[in-house]
Amino acid sequence: MESGASVKQRIARISAHLNPPAISQVEGSCGLRTGNCRAKGGSPGFKVAILGAAGGIGQPLAMLMKMNPLVSVLHLYDVVNTPGVTADISHMDTGAVVRGFLGKEQLEDALIGMDLVIIPAGVPRKPGMTRDDLFNINAGIVKTLCEGISKCCPKAIVNLISNPVNSTVPIAAEVFKKAGIYDPRKLLGVTMLDVVRSNTFVAEVLGLDPREVDVPVVGGHAGATILPLLSQVKPPCSFTVEETEHLTSRIQNGGTEVVEAKAGAGSATLSMAYAAVKFADACLRGLRGDAGVVECAFVSSQVTELPFFATRVRLGCNGIEEIYPLGPLNEYERAGLEKAKKELAGSIEKGISFATK
């Protein structure tokens with residue numbers, strides 16, 4: 001039978017995970033600083049932080065990341081409600097150790113030592129709002145969080161979800177440049193939801209399993225800047241003009257479809273969390289050294305004349321290892337590309353101006 005002191009130390013160790021900044025004291029037992037605290041049986045893997053973990057995207061994202069076998073430590077940060085989300089998710093019987101962090105004063109603790117930082121923080125879109133309407137609020141949030149990343153985990157890969165991605169990624173880049181730690185290979189705007197929607201909608205038209213369909217989506221992550229390359233769909237297929245126009249329009253307006261369907265109750269949260277986890281898993285597999293990990297993302301790019309653009313990228317130990325060209329486009333896609341670039345240029349400049357003013 002274990003001694004009373006041993007039992008108390010184990011209780012202190014478990015308790016420490018739910019309140020990271022504190023030193024746990026249980027009935028006079030020695031305190032265990034949570035920086036050195038690991039749950040017994042914790043799995044090997046990567047350290048991941050979710051900034052905005054108590055929100056509509058953050059909660060399902062946190063749950064799904066807790067299920068990922070590549071995650072050993074999962075830090076959940078938000079300005080409200082993190083303790084409850086942390087306690088809830090920490091009860092899941094998977095290998096990752098979960099720790100919660102609440103408020104700006106604990107942001108740095110949440111970020112120290114992280115390999116991957118996922119940022120869904122910000123306000124959601126409501127009926128009638130465009131992504132630009134979100135800009136003033138979310139831009140400031142992203143700037144603050146990226147300043148924390150610059151200080152505490154400058155070598156981490158950053159997956160940026162906060163909208164408008166077309167502007168928040170340039171903001172993050174400028175913050176990192178100012179701090180002297182900018183590595184364009186490690187900053188990725190998450191456009192995976194556009195790919196997920198494209199695969200789903202195309203599969204419906206073709207009568208296939210969406211998991212068997214792969215649609216590259218380039219450009220940006222808002223309206224007309226979203227350009228699905230239907231001429232490059234795998235498995236190879238062809239669409240009528242009407243099908244192409246219908247699919248492109250639905251993919252570009254997928255977010256609005258969800259906002260309107262929820263009638264003021266929110267935006268795309270569950271599908272976004274699913275897409276974010278797919279992308280995060282790809283980043284972690286790249287970090288692990290897996291070969292052939294290729295996904296679409298909004299990144300620093302020379303594929304077009306714009307400084308940022310979404311295309312296929314190959315992920316590896318350093319983040320982005322290779323950025324692929326657009327490939328052959330048909331006439332419809334070439335026209336869509338010019339329209340996308342025109343709108344995207346303004347969004348990028350808006351983000352840069354915000355960060356440098």
Side-chain angles (χ1 to χ4, degrees), residues 9-24 32-54 57-78 82-83 85-102 106-121 145 148-149 151-161 185-186 188 190 273-274 276-291 293 295 315-319:
Q9 284 188 340
R10 287 172 59 189
I11 292 173
R13 183 180 297 115
I14 294 168
S15 175
H17 292 300
L18 298 181
N19 192 13
I23 298 177
S24 179
L32 292 174
R33 288 194 176 273
T34 58
N36 300 318
C37 180
R38 280 293 303 272
K40 188 174 182 180
S43 63
F46 297 101
K47 296 180 179 180
V48 178
I50 299 175
L51 309 184
I57 296 170
Q59 290 195 41
L61 172 57
M63 181 186 72
L64 293 169
M65 290 306 293
K66 176 72 165 75
M67 297 167 63
N68 191 310
L70 295 179
V71 180
S72 62
V73 175
L74 182 62
H75 282 190
L76 306 182
Y77 169 84
D78 214 318
T82 324
V85 175
T86 304
D88 195 357
I89 289 176
S90 70
H91 293 180
M92 295 169 59
D93 60 348
T94 63
V97 174
V98 183
R99 298 171 182 147
F101 301 82
L102 180 64
Q106 293 187 5
L107 175 60
E108 293 185 7
D109 291 327
L111 289 170
I112 291 173
M114 294 296 104
D115 300 304
L116 173 66
V117 179
I118 309 172
I119 309 179
L145 297 177
I149 292 169
K151 183 176 180 181
C152 300
C153 53
K155 295 184 179 180
I157 292 176
V158 178
N159 286 181
L160 189 47
I161 299 170
R185 301 173 300 174
K186 295 180 181 292
L188 302 101
V190 180
Y274 167 80
V277 168
K278 282 193 70 172
F279 189 75
D281 180 72
C283 290
L284 294 179
R285 286 186 285 115
L287 281 174
R288 185 174 62 178
D290 291 14
V293 181
E295 299 292 352
L315 302 168
C317 296
N318 296 304

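Note that the coordinates shown come from a computational prediction; the quantities given were computed from them, not determined experimentally.
- In this structure, NE2 on H75 lies 10.0 Å from OG1 on T86, to the nearest 0.5 angstrom.
- Looking at every heavy atom in both residues, A53 comes nearest to V85 through O-CG1, 4.0 Å.
- Between the CG atom of L107 and the CD1 atom of I112 there is a distance of 10.0 Å, given to the nearest 0.5 Å.
- Of the possible polar contacts, one joining the T82 side chain to the F101 backbone as a donor-acceptor pair under 3.5 Å is found.
- Across all non-hydrogen atoms, the minimal contact from C153 to V117 is SG-CG2, 3.9 Å.
- Remark: M65 CE to L284 CG distance equals 5.0 Å, nearest 0.5 Å.
- Residue L51 holds its CG atom at 10.0 Å from CE of M114, rounded to the nearest 0.5 Å.
- Between V71 and L116, the closest side-chain pair of non-hydrogen atoms is not below 4.5 Å.
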(Q) Run D115 and I157 through side-chain contact (heavy atoms from CB on, under 4.5 Å) and show every step you take. (A) CA-CA 6 Å; D115 300 304; I157 292 176; over 6 Å; no
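- The heavy-atom pair separating P120 from G52 by the smallest distance is CG-O, 3.8 Å.
- Shown here is M92, whose CE atom has more than 12 heavy atoms of other residues, nucleotides or ligands within 6.0 Å.
- Of all heavy-atom pairs spanning D78 and A54, the tightest one is OD2-N, 2.9 Å.
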Q | Intermediate values then yes/no, side-chain contact (heavy atoms from CB on, under 4.5 Å), L315 and L188 | A | CA-CA 11 Å; L315 302 168; L188 302 101; 3.8 Å; yes
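- Put simply, NZ on K151 and CD1 on I149 are 14.0 Å apart, with the number rounded to the nearest 0.5 Å.
- For the pair Q106 and Y77, the tightest heavy-atom approach, listed with the atom from each and the gap, is C-CE1, 4.3 Å.
- Rounding to the nearest 0.5 Å places CD1 of I50 at 7.0 Å from CD1 of I89.
- Residues I161 and A276 come closest through the heavy atom pair CD1-CB, 3.5 Å.
- The 12-atom threshold is not exceeded at NZ of K47, counting heavy atoms of other residues, nucleotides or ligands nearer than 6.0 Å.
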(Q) Run V48 and L70 through side-chain contact (heavy atoms from CB on, under 4.5 Å) and show every step you take. (A) CA-CA 10 Å; V48 178; L70 295 179; over 6 Å; no
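- Counting heavy atoms from C-beta outward, L64 and M67 have side chains that approach closer than 4.5 Å.
- A donor-acceptor pair under 3.5 Å links the side-chain atoms of S72 to the main chain of F46, judged by distance alone.
- Between the K66 side chain and the T94 main chain, a donor and an acceptor come within less than 3.5 Å of each other.
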Q: Would you check, one step at a time, whether the test side-chain contact (heavy atoms from CB on, under 4.5 Å) holds for L74 with L76?
A: CA-CA 6 Å; L74 182 62; L76 306 182; 3.8 Å; yes
